[in-house]
Amino acid sequence: SASGGLGLIGDENNYVALLASKDSLLVVRAREGKKEILKKIATPSRKYIRLKMTVRNGKDIVFSYSGDIDGLQFQTIDINGLSAAGLPPWDRGLRAGLFADGKAG
């Protein structure tokens, strides 16, 4: 029931991430600790999936994924205006990081 992925982190309460679970991809955003699902994409269950995050202009985020065997054909996840603006508190910078999500324990 757990998921994992990658994202852009302002702090533990402010981030944008792409998470892969058994049969779907989720784009999530947390602001002040409140998590919101921005997009859910059903994907066939597969052993491997590759995730990619591109940041342009220091704030514009583009997520993509590949399920093909060699990982060369990435599909962009279309979310207009996905931005990291306002993620970090004034005294912190943005960081790219790995995510794990699921029930505690």
Side-chain angles (χ1 to χ4, degrees):
S1 66
S3 58
L6 54 90
L8 209 54
I9 305 163
D11 63 18
E12 66 274 5
N13 294 314
N14 298 283
Y15 58 83
V16 177
L18 173 60
L19 302 173
S21 65
K22 182 178 180 180
D23 58 0
S24 63
L25 294 172
L26 295 174
V27 178
V28 297
R29 174 176 44 206
R31 287 194 181 182
E32 297 179 7
K34 296 178 183 173
K35 188 163 71 169
E36 170 187 14
I37 297 173
L38 302 178
K39 187 137 193 174
K40 181 176 183 175
I41 301 169
T43 58
S45 188
R46 46 175 61 103
K47 190 172 184 177
Y48 299 102
I49 191 161
R50 290 172 176 82
L51 306 178
K52 183 166 73 169
M53 176 179 65
T54 305
V55 180
R56 297 183 179 118
N57 304 318
K59 62 177 177 43
D60 302 322
I61 306 167
V62 178
F63 288 118
S64 53
Y65 67 97
S66 175
D68 67 322
I69 193 96
D70 56 8
L72 297 176
Q73 302 296 320
F74 278 85
Q75 296 179 12
T76 299
I77 299 172
D78 186 28
I79 300 178
N80 290 332
L82 186 57
S83 175
L87 273 184
W90 66 270
D91 62 340
R92 299 183 185 169
L94 290 171
R95 295 167 302 275
L98 300 176
F99 281 76
D101 193 25
K103 294 181 181 177

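Here the structure is a predicted model, which is why all the values come from computation and not from measurement.
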Between side-chain atoms of residues 74-87 and protein atoms elsewhere (two or more places apart, or another chain), which donor-acceptor pairs fall under 3.5 Å?
{"residue": "Gln75", "atom": "OE1", "partner": "Tyr65", "partner atom": "OH", "Å": "2.8"}
{"residue": "Ser83", "atom": "OG", "partner": "Ala85", "partner atom": "N", "Å": "3.0"}

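- Partners of Glu32 according to the side-chain contact (heavy atoms from CB on, under 4.5 Å) rule, which considers only residues two or more places apart in sequence or in another chain, are Asn14.
- Arg56 approaches Val62 most closely through the heavy-atom pair NH1-CG2, 3.4 Å.
- Note on Leu18: it does not cluster hydrophobically with Ile37, by side-chain heavy-atom contacts below 4.5 Å among ILVMFWY residues.
- Checked by atom type and distance alone, the side chain of Asn57 never pairs as donor or acceptor with a backbone atom of Lys59 at under 3.5 Å.
- The minimum heavy-atom distance linking Leu94 with Leu8 is given by the pair CD1-CD2, 3.9 Å.
- Closest non-hydrogen pair, Leu6 versus Phe99, comes out as C-CD1, 3.8 Å.
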Side-chain polar contacts of residues 20-28 - donor-acceptor pairs under 3.5 angstrom, sequence neighbours left out - could you list them?
{"residue": "Ser21", "atom": "OG", "partner": "Ser24", "partner atom": "O", "Å": "3.3"}
{"residue": "Ser21", "atom": "OG", "partner": "Ser24", "partner atom": "OG", "Å": "3.0"}

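- Hydrophobic clustering of Ile, Leu, Val, Met, Phe, Trp and Tyr side chains at less than 4.5 Å, counting indirect connections, keeps Ile9 apart from Leu98.
- In this structure, Arg31 places its CZ atom where only 12 or fewer heavy-atom neighbours from other residues, nucleotides or ligands lie under 6.0 Å away.
- Between Arg95 and Tyr15, every side-chain heavy-atom pair lies at or beyond the 4.5 Å cut-off.
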